[in-house]
J.: 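One structure is given below, represented as C-alpha coordinates, and several questions about it will come after.
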2 protein chains.
Amino acid sequence: MSRLFYFSAGETGEWRIRSIEAVAGGGLSAACRLEVSSDAPRDGAWSVRGIVSNQRYVTRVEHSRLVPKQEPPGRAQATHGALIPIKKSPEWWALTQDERREILADRSRHIAIGLEYLPAIARRLHHCRDLGEREPFDFLTWFEWAPEHDPAFDELLARLRASEEWRYVEREVEVRLERD
Amino acid sequence: MSRLFYFSAGETGEWRIRSIEAVAGGGLSAACRLEVSSDAPRDGAWSVRGIVSNQRYVTRVEHSRLVPKQEPPGRAQATHGALIPIKKSPEWWALTQDERREILADRSRHIAIGLEYLPAIARRLHHCRDLGEREPFDFLTWFEWAPEHDPAFDELLARLRASEEWRYVEREVEVRLERD
(Lines give C-alpha, C1' and ligand atoms only; values in the text may rest on other atoms or scores of the structure.)
Protein backbone atom coordinates (compact mmCIF):
# COMPACT_ATOMS: atom_id res chain seq x y z
CA MET A 1 0.00 0.00 0.00
CA SER A 2 3.01 2.30 -0.37
CA ARG A 3 2.43 5.56 -2.20
CA LEU A 4 5.94 7.03 -1.87
CA PHE A 5 8.66 5.56 -4.10
CA TYR A 6 12.38 6.22 -4.39
CA PHE A 7 14.13 5.55 -7.71
CA SER A 8 17.79 5.23 -6.83
CA ALA A 9 20.65 4.81 -9.27
CA GLY A 10 23.88 3.12 -8.25
CA GLU A 11 25.54 -0.27 -8.13
CA THR A 12 22.50 -2.31 -7.12
CA GLY A 13 18.85 -2.71 -8.01
CA GLU A 14 16.55 -4.97 -9.97
CA TRP A 15 16.77 -2.87 -13.13
CA ARG A 16 19.80 -2.46 -15.38
CA ILE A 17 20.12 1.07 -16.77
CA ARG A 18 20.42 0.87 -20.56
CA SER A 19 20.61 4.60 -21.20
CA ILE A 20 20.05 8.01 -19.61
CA GLU A 21 19.18 10.81 -22.00
CA ALA A 22 18.63 14.47 -21.18
CA VAL A 23 15.64 15.28 -23.42
CA ALA A 24 15.27 18.86 -22.10
CA GLY A 25 17.26 20.74 -19.47
CA GLY A 26 19.81 19.09 -17.20
CA GLY A 27 20.27 15.31 -17.24
CA LEU A 28 21.13 12.78 -14.57
CA SER A 29 24.57 11.19 -14.19
CA ALA A 30 25.42 7.75 -15.53
CA ALA A 31 24.92 4.68 -13.36
CA CYS A 32 24.60 0.90 -13.78
CA ARG A 33 21.48 -0.13 -11.88
CA LEU A 34 18.22 1.31 -10.60
CA GLU A 35 16.51 0.33 -7.36
CA VAL A 36 12.80 1.06 -6.86
CA SER A 37 11.92 1.12 -3.17
CA SER A 38 9.71 2.69 -0.55
CA ASP A 39 12.77 3.26 1.62
CA ALA A 40 15.08 6.23 1.23
CA PRO A 41 18.44 5.16 -0.19
CA ARG A 42 21.59 5.36 1.88
CA ASP A 43 23.95 6.16 -0.96
CA GLY A 44 24.32 5.87 -4.72
CA ALA A 45 24.72 8.05 -7.79
CA TRP A 46 21.37 9.87 -7.58
CA SER A 47 17.87 9.34 -6.31
CA VAL A 48 14.52 10.84 -7.23
CA ARG A 49 11.28 10.33 -5.34
CA GLY A 50 7.58 10.72 -5.99
CA ILE A 51 4.23 9.92 -4.45
CA VAL A 52 1.19 8.29 -6.02
CA SER A 53 -1.75 10.66 -5.55
CA ASN A 54 -5.34 11.16 -6.56
CA GLN A 55 -6.01 11.78 -10.23
CA ARG A 56 -5.97 15.46 -11.17
CA TYR A 57 -7.63 15.60 -14.59
CA VAL A 58 -9.41 12.32 -15.37
CA THR A 59 -13.22 12.39 -15.49
CA ARG A 60 -15.47 9.53 -14.43
CA VAL A 61 -16.11 8.63 -18.07
CA GLU A 62 -12.39 8.47 -18.83
CA HIS A 63 -11.70 6.60 -15.59
CA SER A 64 -14.24 3.94 -16.53
CA ARG A 65 -12.41 3.41 -19.84
CA LEU A 66 -8.94 3.34 -18.29
CA VAL A 67 -9.45 1.03 -15.32
CA PRO A 68 -10.51 -2.16 -17.18
CA LYS A 69 -7.45 -1.88 -19.45
CA GLN A 70 -4.83 -0.98 -16.82
CA GLU A 71 -2.45 -3.56 -15.41
CA PRO A 72 -0.09 -2.92 -12.52
CA PRO A 73 3.72 -2.82 -12.74
CA GLY A 74 5.43 -6.13 -12.01
CA ARG A 75 4.16 -8.41 -14.78
CA ALA A 76 6.74 -11.15 -15.46
CA GLN A 77 6.86 -10.48 -19.21
CA ALA A 78 7.34 -6.71 -18.73
CA THR A 79 11.13 -6.73 -18.70
CA HIS A 80 11.60 -3.37 -20.40
CA GLY A 81 10.99 -0.18 -18.50
CA ALA A 82 11.48 3.55 -18.44
CA LEU A 83 11.56 6.23 -15.77
CA ILE A 84 10.78 9.69 -17.13
CA PRO A 85 11.23 12.57 -14.67
CA ILE A 86 9.66 15.82 -15.84
CA LYS A 87 9.57 19.40 -14.64
CA LYS A 88 6.99 21.75 -16.07
CA SER A 89 7.41 25.51 -16.38
CA PRO A 90 6.11 28.19 -13.97
CA GLU A 91 3.69 29.14 -16.80
CA TRP A 92 2.08 25.70 -16.55
CA TRP A 93 1.60 25.99 -12.78
CA ALA A 94 0.13 29.47 -13.13
CA LEU A 95 -2.64 28.14 -15.36
CA THR A 96 -6.00 27.47 -13.76
CA GLN A 97 -7.49 23.98 -13.52
CA ASP A 98 -9.76 24.40 -16.54
CA GLU A 99 -6.88 25.72 -18.66
CA ARG A 100 -4.57 22.84 -17.69
CA ARG A 101 -7.32 20.30 -18.34
CA GLU A 102 -8.00 21.83 -21.75
CA ILE A 103 -4.35 21.67 -22.80
CA LEU A 104 -3.65 18.22 -21.31
CA ALA A 105 -6.81 16.34 -22.15
CA ASP A 106 -8.68 18.20 -24.86
CA ARG A 107 -5.96 19.73 -27.04
CA SER A 108 -3.07 17.31 -26.33
CA ARG A 109 -5.21 14.17 -25.88
CA HIS A 110 -2.80 12.93 -23.20
CA ILE A 111 -5.39 10.67 -21.54
CA ALA A 112 -6.75 9.33 -24.84
CA ILE A 113 -3.27 8.64 -26.24
CA GLY A 114 -2.22 6.75 -23.10
CA LEU A 115 -5.40 4.66 -23.32
CA GLU A 116 -4.42 3.42 -26.79
CA TYR A 117 -1.30 1.73 -25.39
CA LEU A 118 -3.06 -0.12 -22.55
CA PRO A 119 -2.64 -2.79 -21.34
CA ALA A 120 0.66 -3.35 -23.22
CA ILE A 121 2.41 -0.43 -21.56
CA ALA A 122 1.81 -0.24 -17.80
CA ARG A 123 2.19 3.23 -16.33
CA ARG A 124 2.35 4.66 -12.83
CA LEU A 125 2.49 8.42 -12.18
CA HIS A 126 4.29 9.81 -9.14
CA HIS A 127 3.98 13.45 -8.04
CA CYS A 128 7.03 15.27 -6.65
CA ARG A 129 6.23 18.98 -6.73
CA ASP A 130 4.46 19.07 -3.38
CA LEU A 131 6.82 16.76 -1.50
CA GLY A 132 8.87 19.81 -0.58
CA GLU A 133 10.15 23.13 -1.83
CA ARG A 134 13.28 22.01 -3.60
CA GLU A 135 12.28 18.95 -5.59
CA PRO A 136 14.16 18.76 -8.90
CA PHE A 137 11.16 17.37 -10.82
CA ASP A 138 7.36 17.74 -10.77
CA PHE A 139 6.48 14.21 -11.92
CA LEU A 140 8.09 10.82 -12.35
CA THR A 141 6.34 8.50 -14.76
CA TRP A 142 7.21 4.82 -14.61
CA PHE A 143 6.52 2.56 -17.60
CA GLU A 144 6.86 -1.22 -18.04
CA TRP A 145 6.26 -3.37 -21.14
CA ALA A 146 7.33 -6.59 -22.84
CA PRO A 147 10.22 -6.26 -25.36
CA GLU A 148 7.94 -6.78 -28.35
CA HIS A 149 6.21 -3.51 -27.47
CA ASP A 150 9.39 -1.42 -27.79
CA PRO A 151 8.11 0.27 -30.99
CA ALA A 152 4.78 1.06 -29.33
CA PHE A 153 6.55 2.73 -26.41
CA ASP A 154 8.69 4.82 -28.77
CA GLU A 155 5.56 5.89 -30.60
CA LEU A 156 3.74 6.78 -27.37
CA LEU A 157 6.64 9.00 -26.27
CA ALA A 158 6.87 10.68 -29.67
CA ARG A 159 3.16 11.46 -29.74
CA LEU A 160 3.15 12.95 -26.24
CA ARG A 161 6.27 15.01 -26.92
CA ALA A 162 4.66 16.44 -30.06
CA SER A 163 1.66 17.67 -28.07
CA GLU A 164 0.89 21.21 -26.95
CA GLU A 165 1.26 20.08 -23.32
CA TRP A 166 4.95 19.36 -23.90
CA ARG A 167 5.62 23.06 -24.65
CA TYR A 168 5.39 23.47 -20.88
CA VAL A 169 8.03 20.81 -20.14
CA GLU A 170 11.26 22.57 -19.19
CA ARG A 171 13.21 19.55 -17.97
CA GLU A 172 12.86 15.92 -19.03
CA VAL A 173 15.14 12.93 -18.59
CA GLU A 174 14.56 9.53 -20.18
CA VAL A 175 16.00 6.57 -18.28
CA ARG A 176 15.67 3.30 -20.20
CA LEU A 177 15.74 0.10 -18.17
CA GLU A 178 15.85 -3.67 -18.51
CA ARG A 179 15.04 -6.28 -15.90
CA ASP A 180 17.20 -9.41 -15.87
CA MET B 1 8.92 32.68 -1.42
CA SER B 2 8.38 29.79 1.00
CA ARG B 3 5.65 27.33 0.13
CA LEU B 4 6.11 24.90 3.05
CA PHE B 5 4.84 26.05 6.46
CA TYR B 6 4.99 24.48 9.91
CA PHE B 7 2.31 25.37 12.46
CA SER B 8 3.82 24.46 15.81
CA ALA B 9 2.07 24.62 19.18
CA GLY B 10 4.03 25.11 22.37
CA GLU B 11 5.33 27.80 24.69
CA THR B 12 6.37 30.29 22.03
CA GLY B 13 5.05 31.86 18.87
CA GLU B 14 3.44 35.05 17.62
CA TRP B 15 -0.09 33.73 18.06
CA ARG B 16 -1.86 33.02 21.36
CA ILE B 17 -4.10 29.97 21.18
CA ARG B 18 -7.58 30.91 22.38
CA SER B 19 -9.19 27.50 21.86
CA ILE B 20 -8.72 24.13 20.21
CA GLU B 21 -11.89 22.28 19.29
CA ALA B 22 -12.19 18.81 17.77
CA VAL B 23 -15.01 19.38 15.26
CA ALA B 24 -14.82 15.84 13.83
CA GLY B 25 -12.52 12.93 14.71
CA GLY B 26 -9.50 13.28 16.97
CA GLY B 27 -8.43 16.70 18.27
CA LEU B 28 -5.07 18.23 19.05
CA SER B 29 -3.71 18.70 22.56
CA ALA B 30 -3.92 21.99 24.44
CA ALA B 31 -1.08 24.50 24.14
CA CYS B 32 -0.50 28.21 24.79
CA ARG B 33 1.08 29.61 21.64
CA LEU B 34 1.38 28.85 17.93
CA GLU B 35 4.44 29.52 15.80
CA VAL B 36 4.13 29.73 12.01
CA SER B 37 7.46 29.09 10.34
CA SER B 38 9.16 27.65 7.30
CA ASP B 39 11.56 25.78 9.59
CA ALA B 40 10.75 22.46 11.22
CA PRO B 41 10.22 22.87 14.97
CA ARG B 42 12.67 21.36 17.42
CA ASP B 43 10.12 20.60 20.15
CA GLY B 44 6.68 21.63 21.39
CA ALA B 45 3.23 20.15 21.98
CA TRP B 46 2.40 19.33 18.35
CA SER B 47 3.20 20.49 14.85
CA VAL B 48 1.37 20.21 11.55
CA ARG B 49 2.77 21.15 8.15
CA GLY B 50 1.45 21.92 4.72
CA ILE B 51 2.61 23.25 1.36
CA VAL B 52 1.08 25.96 -0.79
CA SER B 53 0.40 24.43 -4.20
CA ASN B 54 -1.26 25.17 -7.51
CA GLN B 55 -5.02 25.61 -7.47
CA ARG B 56 -6.90 22.37 -8.02
CA TYR B 57 -10.47 23.44 -8.87
CA VAL B 58 -10.58 27.17 -9.64
CA THR B 59 -11.32 28.18 -13.23
CA ARG B 60 -9.89 31.24 -14.97
CA VAL B 61 -13.20 33.07 -14.58
CA GLU B 62 -13.29 32.37 -10.83
CA HIS B 63 -9.60 33.21 -10.49
CA SER B 64 -10.17 36.61 -12.11
CA ARG B 65 -12.86 37.34 -9.51
CA LEU B 66 -10.82 36.10 -6.55
CA VAL B 67 -7.46 37.74 -7.18
CA PRO B 68 -8.52 41.43 -7.07
CA LYS B 69 -10.25 40.84 -3.71
CA GLN B 70 -7.60 38.69 -2.01
CA GLU B 71 -5.15 40.13 0.50
CA PRO B 72 -2.22 38.23 1.94
CA PRO B 73 -1.84 37.16 5.58
CA GLY B 74 0.04 39.61 7.79
CA ARG B 75 -2.16 42.74 7.69
CA ALA B 76 -1.64 44.74 10.91
CA GLN B 77 -5.35 44.92 11.73
CA ALA B 78 -5.87 41.16 11.24
CA THR B 79 -5.22 40.13 14.84
CA HIS B 80 -7.68 37.25 14.91
CA GLY B 81 -6.85 34.00 13.19
CA ALA B 82 -7.74 30.36 12.80
CA LEU B 83 -5.94 27.25 11.69
CA ILE B 84 -8.29 24.52 10.48
CA PRO B 85 -6.68 21.15 9.72
CA ILE B 86 -8.95 18.80 7.76
CA LYS B 87 -8.79 15.22 6.60
CA LYS B 88 -11.21 14.04 3.95
CA SER B 89 -12.47 10.47 3.59
CA PRO B 90 -11.13 7.79 1.22
CA GLU B 91 -14.45 8.19 -0.66
CA TRP B 92 -13.52 11.79 -1.49
CA TRP B 93 -10.13 10.81 -2.85
CA ALA B 94 -11.65 8.01 -4.93
CA LEU B 95 -13.84 10.53 -6.77
CA THR B 96 -12.65 11.72 -10.17
CA GLN B 97 -11.71 15.35 -10.84
CA ASP B 98 -15.07 16.23 -12.42
CA GLU B 99 -16.98 14.69 -9.50
CA ARG B 100 -14.90 16.56 -6.89
CA ARG B 101 -15.27 19.82 -8.78
CA GLU B 102 -19.03 19.34 -9.02
CA ILE B 103 -19.39 18.72 -5.27
CA LEU B 104 -16.92 21.41 -4.17
CA ALA B 105 -17.70 24.22 -6.54
CA ASP B 106 -21.09 23.61 -8.14
CA ARG B 107 -23.13 21.94 -5.41
CA SER B 108 -21.34 23.24 -2.29
CA ARG B 109 -20.40 26.66 -3.73
CA HIS B 110 -17.13 26.56 -1.76
CA ILE B 111 -15.35 29.01 -4.08
CA ALA B 112 -18.33 31.38 -4.34
CA ILE B 113 -18.90 31.39 -0.55
CA GLY B 114 -15.23 32.15 0.15
CA LEU B 115 -15.39 35.02 -2.34
CA GLU B 116 -18.17 36.70 -0.37
CA TYR B 117 -15.88 37.12 2.65
CA LEU B 118 -12.97 38.68 0.78
CA PRO B 119 -11.02 40.80 1.47
CA ALA B 120 -12.13 40.85 5.15
CA ILE B 121 -11.08 37.27 5.79
CA ALA B 122 -7.68 36.42 4.34
CA ARG B 123 -7.15 32.74 3.59
CA ARG B 124 -4.20 30.56 2.65
CA LEU B 125 -4.59 26.88 1.79
CA HIS B 126 -1.80 24.39 2.51
CA HIS B 127 -1.81 20.83 1.17
CA CYS B 128 -0.50 17.97 3.34
CA ARG B 129 -1.72 14.74 1.77
CA ASP B 130 1.16 14.39 -0.68
CA LEU B 131 3.94 15.49 1.66
CA GLY B 132 4.32 11.86 2.70
CA GLU B 133 2.42 8.68 3.44
CA ARG B 134 1.56 9.27 7.06
CA GLU B 135 0.35 12.86 7.25
CA PRO B 136 -2.46 13.26 9.82
CA PHE B 137 -4.38 15.82 7.71
CA ASP B 138 -5.02 16.50 4.01
CA PHE B 139 -5.29 20.30 4.22
CA LEU B 140 -4.51 23.13 6.61
CA THR B 141 -6.43 26.31 6.01
CA TRP B 142 -5.15 29.49 7.61
CA PHE B 143 -7.47 32.46 8.13
CA GLU B 144 -6.80 36.00 9.39
CA TRP B 145 -9.23 38.87 10.00
CA ALA B 146 -9.78 41.98 12.11
CA PRO B 147 -11.79 41.44 15.35
CA GLU B 148 -14.88 43.21 13.98
CA HIS B 149 -15.20 40.43 11.42
CA ASP B 150 -15.58 37.68 14.05
CA PRO B 151 -19.28 37.18 13.18
CA ALA B 152 -18.46 36.97 9.47
CA PHE B 153 -15.87 34.28 10.10
CA ASP B 154 -18.33 32.25 12.21
CA GLU B 155 -20.87 32.52 9.43
CA LEU B 156 -18.34 31.47 6.76
CA LEU B 157 -17.45 28.35 8.77
CA ALA B 158 -21.09 27.48 9.38
CA ARG B 159 -21.97 27.79 5.70
CA LEU B 160 -19.06 25.62 4.57
CA ARG B 161 -19.78 22.98 7.22
CA ALA B 162 -23.41 22.79 6.08
CA SER B 163 -22.33 22.01 2.52
CA GLU B 164 -22.37 18.65 0.74
CA GLU B 165 -18.57 18.79 0.52
CA TRP B 166 -18.33 18.59 4.32
CA ARG B 167 -19.93 15.12 4.32
CA TYR B 168 -16.50 13.96 3.13
CA VAL B 169 -14.64 15.55 6.06
CA GLU B 170 -13.72 12.82 8.54
CA ARG B 171 -11.42 14.83 10.80
CA GLU B 172 -11.49 18.56 11.49
CA VAL B 173 -9.88 20.63 14.23
CA GLU B 174 -10.54 24.33 14.78
CA VAL B 175 -7.70 26.27 16.39
CA ARG B 176 -8.66 29.87 17.24
CA LEU B 177 -5.85 32.38 17.57
CA GLU B 178 -5.13 35.94 18.58
CA ARG B 179 -2.06 38.03 17.81
CA ASP B 180 -0.80 40.36 20.54
Side-chain angles (χ1 to χ4, degrees), chain A residues 1-6 37-40 49-67 70 87-106 110-111 115 124-135 137-140 168, chain B residues 1-6 37-40 49-67 70 87-106 110-111 115 124-135 137-140 168:
Chain A
M1 297 297 291
S2 282
R3 295 202 295 132
L4 182 63
F5 292 91
Y6 293 86
S37 169
S38 291
D39 302 314
R49 60 183 187 144
I51 192 161
V52 176
S53 183
N54 60 297
Q55 289 174 323
R56 305 287 167 88
Y57 300 102
V58 170
T59 64
R60 177 58 58 188
V61 170
E62 290 160 347
H63 184 80
S64 67
R65 287 181 191 137
L66 287 164
V67 167
Q70 278 170 338
K87 188 179 183 68
K88 283 183 171 171
S89 65
E91 290 70 29
W92 174 260
W93 295 112
L95 295 174
T96 53
Q97 178 69 26
D98 55 328
E99 292 170 334
R100 280 182 275 108
R101 159 81 202 185
E102 194 188 324
I103 293 169
L104 184 145
D106 303 339
H110 188 140
I111 297 163
L115 182 63
R124 190 172 65 204
L125 178 64
H126 311 77
H127 295 257
C128 326
R129 184 166 187 263
D130 290 336
L131 282 172
E133 289 186 316
R134 275 171 290 274
E135 296 295 318
F137 296 101
D138 293 334
F139 305 102
L140 312 175
Y168 296 90
Chain B
M1 296 298 290
S2 282
R3 293 201 297 132
L4 182 64
F5 292 90
Y6 293 86
S37 170
S38 291
D39 301 315
R49 61 184 186 142
I51 192 161
V52 176
S53 183
N54 60 297
Q55 289 174 323
R56 304 287 167 88
Y57 301 102
V58 170
T59 64
R60 177 58 59 188
V61 170
E62 290 160 346
H63 184 79
S64 67
R65 287 180 192 137
L66 286 164
V67 168
Q70 278 169 338
K87 187 179 184 68
K88 284 183 171 171
S89 64
E91 289 70 29
W92 175 260
W93 295 111
L95 295 174
T96 53
Q97 177 69 25
D98 55 329
E99 292 169 333
R100 280 182 275 107
R101 160 80 202 184
E102 194 187 324
I103 293 169
L104 183 144
D106 303 340
H110 189 139
I111 296 163
L115 182 62
R124 191 173 65 205
L125 178 64
H126 312 76
H127 295 258
C128 326
R129 185 165 185 263
D130 290 336
L131 282 173
E133 288 186 317
R134 275 171 290 274
E135 296 296 317
F137 297 101
D138 293 334
F139 306 101
L140 312 175
Y168 295 91

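Residue numbers start from 1 in every chain, and the chains themselves are labelled A, B, ... in the order their sequence lines are given, proteins ahead of strands.
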J.: Is it the side chain or the backbone of Glu99(B) that comes within 4.5 Å of chain A heavy atoms, both, or neither?
T.: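 The answer is the side chain of Glu99(B).
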J.: Which atoms of Arg100(B) are under 4.5 Å from chain A, going by heavy atoms: the side chain, the backbone, both sets, or neither?
T.: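 The answer is the side chain of Arg100(B).
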J.: Under a 4.5 Å heavy-atom cutoff, which of Glu62(B), Arg129(B), Arg49(B), Arg101(B) has the most pairs with chain A?
T.: Arg129(B)
J.: Tell me if the CZ atom of Arg65(B) is crowded by more than 12 foreign heavy atoms within 6.0 Å.
T.: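 No - once you tally the heavy atoms of other residues, nucleotides and ligands closer than 6.0 Å, there are 12 at most.
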J.: Using non-hydrogen atoms and a 4.5 Å limit, figure out which bit of Ser38(B) sits close to chain A: side chain, backbone, both or neither.
T.: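 For Ser38(B), there is no contact with chain A at all, as no heavy atom is under 4.5 Å.
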J.: Do Arg3(B) and Asp130(A) meet the salt-bridge criterion of a basic N to acidic O distance under 4.0 Å?
T.: yes
J.: About how many Å separate OH of Tyr168(A) and CG of Leu95(A), when rounded to the nearest 0.5 Å?
T.: 5.0 Å
J.: Is the side chain of His110(A) donor-acceptor paired with the backbone N or O of Leu104(A) at a distance under 3.5 Å, no angle test?
T.: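 Pair absent, no side-chain N/O of His110(A) close to backbone of Leu104(A).
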J.: With a 4.5 Å cut-off on heavy-atom pairs, point out which of Leu131(A), Leu4(A), Thr59(A) contacts chain B the most.
T.: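 Looking at each option in turn, the highest pair count goes to Thr59(A).
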J.: Under 4.5 Å heavy-atom distance to chain A, tell me which part of Ile51(B) shows up: side chain, backbone, both or neither.
T.: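 Side chain of Ile51(B) only, per the 4.5 Å heavy-atom cut-off to chain A.
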J.: Would you please say whether a donor-acceptor pair under 3.5 Å links the side chains of Trp92(A) and Asp138(A)?
T.: no
J.: Between His63(A), Arg56(A), Gln55(A), which shows the greatest number of heavy-atom pairs under 4.5 Å with chain B?
T.: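 Heavy-atom pair counts peak at Arg56(A).
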J.: Ring centres under 6.0 Å, that's the criterion: do His127(B) and Phe139(B) meet it?
T.: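 When the ring centroids of His127(B) and Phe139(B) are compared, they turn out to be within the sub-6.0 Å range.
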